[in-house]
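In this text, all values refer to a predicted model and were calculated from it rather than measured experimentally. Numbering of ligands and ligand atoms starts at 1, following listing order. No hydrogens, no waters, no symmetry mates; every other heavy atom, side chains included, goes into these values.
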Amino acid sequence: MNSIYSYDLEDLTKIMQAMGQSSYRSKQIFSWLYQKRVSSFDEMSDVSKSFREELKKNFNFYLPTISLKQESKDGTIKCLFRLKDGEEVEGVLMHYVYGYSVCVSSEVGCNMSCAFCASGLLKKKRNLLPCEMLGQVIAFDKMLRERDPETHVTHVVVMGTGEPFDNYDNVLSFIRIINSPFGLDIGARHITVSTCGVVPGILKFGKEGLQINLAISLHAPNHELRKQLMPIEEAYPLDQLIPAVLQYGKDSGGRRVTFEYILIKGVNDSIDCARQLAKLIAPTFGYVNLIPYNPVMENGFERSPDENVELFHNFLLQKHIKSTIRKEFGSDIDAACGQLRAKHVK
Ligand code: SAH
């Protein structure tokens, strides 16, 4: 039996029609689930008793539960979520001046094996279902509303453990549910999907007609270096990735991507790297989000010193590349990708 939380409005409408219902039924159910937040069919008082019984036979209300919660001094909250098969994934809530953002995991483990990342320490076990990504957002949203009814989740980034374009369909359904005005109603421009550079996924995503933000984890400005840090570079090298980003821009009506670039001391933080980076991405008009590396394991990688980060940043600005340095959250609570789960599983 599937969770009712795994269907986007379009899919649910088709199912309702197949069950002999009118198409507004799915909107009714959506508003019970996401606006009124009920957790049983019996509470859906404008649905007939007989049809409620039929719904009960076909769907459950499964969402992941919280198995561990860590709260940072800066207000960041990180949770481990337990799934129905006993697996665990992590999600993080961050408080920005502009609102509350949830960083969602999209898979149990990850197969991308980036050299610097703790998520890949545990290989991918399976894709997350739409309801399992949604559950992370709903749990944090509930937490916020209980503390202050005026606050709620305003932004979602699919940047936790997993490669979203390795679980494309489920991620898209999840996005449609949170973006729907009948669902969580989170604006497309408040939603970001981050990929390590799965080219077919980028091309497909550009044609979805959504106004969602796309982030590309770049981390190196040339093939040789990127190959050492990110095995995906073997499958989809930069000379395919950059054209795919250009194509994405055309297909999506001129949307610009954000390039994420972790700064690792002595590895990719030289001015020469900044020069190569500026040249590589200039044609895309993309933004660069510089991320001081968060040392997460014994791999010899260290954070780039603040002076280097500044120099790198200023160089990009001089070259007219829009660039920001990412604010850090929850450094006291294992908030970097995959850290909490990796520790817990150990
Ligand atoms: N697979 C997707 C999304 C998950 S990773 C992707 O690669 O984009 C989310 C971001 O966190 C990526 O940019 C990733 O490279 C970065 N990241 C991973 N480990 C990190 C660490 N230890 N310090 C800083 N950023 C890290």
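- For the ligand labelled ligand 1, residue Met230 lies outside the 4.0 Å heavy-atom shell.
- Residues forming a ring pair (Phe, Tyr, Trp, His ring centres under 6.0 Å) with Phe259 (at least two apart in sequence, or on another chain): none.
- Close contacts between ligand 1 and Glu260 involve ligand atoms 10 (C), 13 (O) [criterion: under 4.0 Å to a heavy atom].
- Side-chain rings of Phe41 and Phe51 stay apart, their centers remaining 6.0 Å or farther from each other.
- The OG atom of Ser323 lies 3.5 Å from the NE2 atom of His313; values are rounded to the nearest 0.5 Å.
- For Lys227, the NZ atom sits in a packed shell: over 12 heavy atoms of surrounding residues, nucleotides or ligands are nearer than 6.0 Å.
- Listed by number with element, the atoms of ligand 1 under 4.0 Å from a non-hydrogen atom of Gly162 are 1 (N), 2 (C), 3 (C), 4 (C).
- Across the listed options Leu218, Asn289, Val198, Ile262, Ile262 owns the non-hydrogen atom lying nearest to atom 16 (C) of ligand 1.
- Contacts between His219 and ligand 1, counted as non-hydrogen atom pairs separated by less than 4.0 Å, involve the side chain only.
- For atom 8 (O) of ligand 1, the nearest non-hydrogen atom from the set Gly197, Cys110, Cys103, Ser217 comes from Ser217.
- Taking each of Cys117, Pro164, Ala215, Pro292 in turn, the one with a heavy atom nearest to atom 18 (C) of ligand 1 proves to be Cys117.
- Taking the six-membered ring for Trp, Tyr7 and Phe59 have ring centres closer than 6.0 Å.
- With contacts defined as side-chain heavy-atom distances shorter than 4.5 Å, the pair Leu63/Ile138 qualifies.
- Heavy-atom proximity to Val296, at under 4.0 Å, picks out these atoms of ligand 1: 22 (N).
- Phe301 does not carry Lys265 over the face of its six-membered ring by the limits of under 6.0 Å from the centre and within 45° of the normal.
- Residue contact annotation: Met159 has a non-hydrogen atom under 4.0 Å from ligand 1.
- Not counting sequence neighbours, the partners of Asp46 by the side-chain hydrogen bond (donor to acceptor under 3.5 Å, both in side chains) test are Gln28, Trp32.
- Contacts between Thr195 and ligand 1 below 4.0 angstrom, taking non-hydrogen atoms only, involve the backbone exclusively.
- Atoms of ligand 1 found under 4.0 Å from any heavy atom of Tyr293 (numbered from 1 in listed order, with element): 21 (C), 22 (N), 23 (N).
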